[in-house]
Protein chains: 2
Amino acid sequence: MTRPIPDIVVGRLPIYLRALSFLTAEGTQVTSSHDLGKRLGISAAQIRKDLSFFGEFGKQGTGYNVGYLQEQISRILKVDREWPMALIGIGDLGRALARYGGFAHRGFRVVALFDNDPAKIGQAIGDLKIMSIDRLSEVVQEQNIRVAMLTVPAKDAQKVADLCVAAGIKAILNYAPITLKVPEGALVQHTDPVTHLQRMTYYL
Amino acid sequence: MTRPIPDIVVGRLPIYLRALSFLTAEGTQVTSSHDLGKRLGISAAQIRKDLSFFGEFGKQGTGYNVGYLQEQISRILKVDREWPMALIGIGDLGRALARYGGFAHRGFRVVALFDNDPAKIGQAIGDLKIMSIDRLSEVVQEQNIRVAMLTVPAKDAQKVADLCVAAGIKAILNYAPITLKVPEGALVQHTDPVTHLQRMTYYL
DNA sequence: TAGATTGTTAATCGATTAACAATC
DNA sequence: TAGATTGTTAATCGATTAACAATC
């Protein structure tokens with residue numbers, strides 16, 4: 001049996017992956033734990049330790065091949081494929097995410113838009129039409145969707161999250177400023193600009 | 001001399017504050033470390049320990065007065081005031097943040113919009129006009145702005161962050177998918193939907 | 001009073017770092 | 001070879017939890 005990997009280690013892998021994409025874009029082919037650490041503000045020892053949970057990806061004396069390490073971390077995080085996502089709540093933020101170019105090549109694609117406002121249903125954003133939230137379960141099953149982003153008002157967020165879980169969604173990225181409860185086996189990540197801002201004002 | 005407060009503790013205060021706002025909205029007047037912990041998925045002991053870094057806010061046998069604790073945490077985080085913010089990069093996401101209603105009453109307000117696209121400069125969003133990034137330093141000083149949100153393309157983000165710091169910005173919330181370097185004394189928080197999503201796909 | 005809950009201490013647990021043999 | 005860097009171990013550091021006296 002393999003050791004369980006600490007969540008905090010898994011949480012750093014996307015950061016490493018992002019830095020590796022940057023290096024690839026720059027044309028850099030080789031890096032080291034020291035170089036990566038300096039770029040990310042993380043110790044070299046920690047990067048090596050984190051990677052060692054998953055295997056041996058470097059060469060003594062040389063460092064890491066950027067493309068290879070990128071492939072390996074992509075595989076570990078299961079983003080060596082494209083996860084179809086549902087986007088629920090098509091307000092300003094939902095629209096922005098529907099058009100966001102940053103999902104491509106990082107493992108994700110928005111494939112279905114939902115709202116509960118009859119005035120919005122049927123409208124198109126790019127090549128997707130906004131659907132009624134009533135069709136969530138049907139569409140999630142048809143398209144085998146496991147991931148959803150929630151950009152609904154805070155007061156509706158828990159109810160919509162429950163609908164998602166019932167429909168078979170396993171991972172929710174929540175933009176509403178509220179902590180969601182989901183059953184064992186489902187995952188939530190919260191993203192709230194204000195909590196990030198408040199974490200900084202303490203130090204000002 | 002007071003003990004320094006661990007960053008990780010400061011980072012949880014905004015979560016507590018958000019839960020307290022929720023309770024206030026619900027009309028709940030009293031809570032306990034157990035109740036808060038259950039809502040947030042955090043142990044009661046940890047909540048009590050975290051709060052104890054800052055003072056004594058509860059009553060044995062009773063728990064915490066929601067309004068009082070909310071006031072105290074707001075004060076600790078310095079969000080018992082309104083921080084004026086600059087928003088730089090008025091694409092889809094920038095527009096959505098410019099219109100976002102969630103800053104009000106949580107300590108922040110967008111007061112200035114910047115872009116470098118001549119076609120956008122002069123356009124209004126709500127009651128704010130988009131200004132040239134060339135005016136950043138001038139406006140930041142005039143309005144005593146210390147906080148900025150960056151919604152610019154990744155390739156420009158570091159350059160714009162440097163401009164911000166030079167202009168006197170002390171806290172940056174970065175939406176570009178890149179790790180920014182800022183000098184000692186300035187703060188950055190990163191927010192990237194893809195890193196959150198990638199952290200979940202590992203477990204799927 | 002009896003029950004509940006705080007604030008705090010000490011023990012436990014887990015994460016980070018320093019150091020180094022292995023080796024490219 | 002000499003210099004550099006990995007992967008890993010052990011030591012250190014820090015965070016979380018359990019437990020409980022104090023007390024509302």
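Below, chain A is the first sequence line, B the second, and so on; all start at residue 1.
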Q: Report yes if a side-chain nitrogen or oxygen of B:Tyr64 is closer than 4.0 Å to either non-bridging phosphate oxygen (OP1 or OP2) of C:dG7; otherwise report no.
A: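 Checking C:dG7 against B:Tyr64, a side-chain N or O does come within under 4.0 Å of OP1 or OP2.
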Q: Looking at every non-hydrogen atom in both residues, tell me the closest pair between A:Ile130 and A:Phe114 and how far apart they are.
A: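 So the two residues come closest at CG2-C, 4.3 Å.
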Q: Nearest-Å distance, CZ (B:Phe54) to P (C:dT6)?
A: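 It is 17 Å, rounded to the nearest whole Å.
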Q: Mind calculating the distance between CD (A:Glu56) and P (C:dA22) to the nearest angstrom?
A: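 From A:Glu56 CD to C:dA22 P: 14 Å.
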Q: For B:Val139 versus B:Ile145, what's the shortest heavy-atom pair and its separation?
A: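 Answer, listing the atom of B:Val139 first, then B:Ile145: O-CD1, 4.2 Å.
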Q: Specify the closest pair of heavy atoms between A:Asp115 and A:Gly89, including all atoms of both residues, with the distance to one decimal.
A: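 Heavy atoms only, the tightest pair is OD2-C, 3.7 Å.
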Q: Only pairs with both distances under 3.5 Å count, Watson-Crick or wobble alike; so what is the partner of D:dC13 in this structure?
A: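 Across all strands, the one nucleotide that pairs with D:dC13 is C:dG14.
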Q: Expressed as a whole number of angstroms, how long is the span from A:Phe57:CZ to D:dT8:C1'?
A: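 Answer to the nearest Å: 15 Å.
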Q: In whole Å, I'd like the distance from the CG atom of B:Asn65 to the C1' atom of D:dC24.
A: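 Rounding to the nearest Å, CG of B:Asn65 and C1' of D:dC24 are 15 Å apart.
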Q: By nearest nucleotide on DNA chain C, pick out whichever of A:Lys59 and A:Asp7 is the more 5' one.
A: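 Checking each residue's closest nucleotide, the 5'-ward one belongs to A:Asp7.
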Q: Could you tell me which non-hydrogen atom of A:Thr179 sits nearest to which non-hydrogen atom of A:Gln158, and how far apart they are?
A: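 A:Thr179 and A:Gln158 have their closest heavy atoms at O-OE1, 4.3 Å.
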Q: Would you mind checking if A:Asp192 and B:Arg106 are paired as a salt bridge, meaning a charged N to carboxylate O distance below 4.0 Å?
A: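 Salt bridge present between B:Arg106 and A:Asp192.
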Q: B:Phe53 has an atom CZ; how far is it from atom C1' of D:dT16, in whole Å?
A: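 Rounded to the whole Å, the gap is 11 Å.
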Q: Specify the separation, in whole Å, of atom CD1 of B:Ile8 and atom P of D:dT17.
A: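 In whole Å, D:dT17 P and B:Ile8 CD1 are 11 Å from each other.
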Q: Do B:Asp35 and B:Tyr64 pass the side chain to side chain donor-acceptor pair (under 3.5 Å) test, and can you show the C-alpha distance, the side-chain angles, and the key distance before you say yes or no?
A: CA-CA 10 Å; B:Asp35 173 58; B:Tyr64 301 93; over 6 Å; no
Q: May I ask you to say whether A:Arg75 pairs ionically with A:Asp80, meaning some side-chain N is under 4.0 Å from a carboxylate O?
A: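 Judged by the 4.0 Å cut-off on N to carboxylate O distance, A:Arg75 and A:Asp80 do not form a salt bridge.
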Q: Check the distance between D:dA4's C1' and A:Gln60's CD and give it to me in whole angstrom.
A: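 It is 10 Å, rounded to the nearest whole Å.
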Q: Out of C:dT16, D:dA22, C:dC24, which has the shortest distance to the side chain of A:Arg12?
A: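 Given the options C:dT16, D:dA22, C:dC24, the side chain of A:Arg12 is closest to C:dT16.
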Q: Using a strict heavy-atom distance below 4.0 Å, which residues from residues 30-50 of chain B are in contact with DNA chain C?
A: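 Result for residues 30-50 of chain B: B:Ser32, B:Ser33, B:Arg48, B:Lys49, sorted by number.
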Q: Can you tell me the pairing partner of D:dA21 across any strand shown, Watson-Crick or G-U wobble, with both distances under 3.5 angstrom?
A: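 Check on D:dA21: paired to C:dT6, both distances under 3.5 Å.
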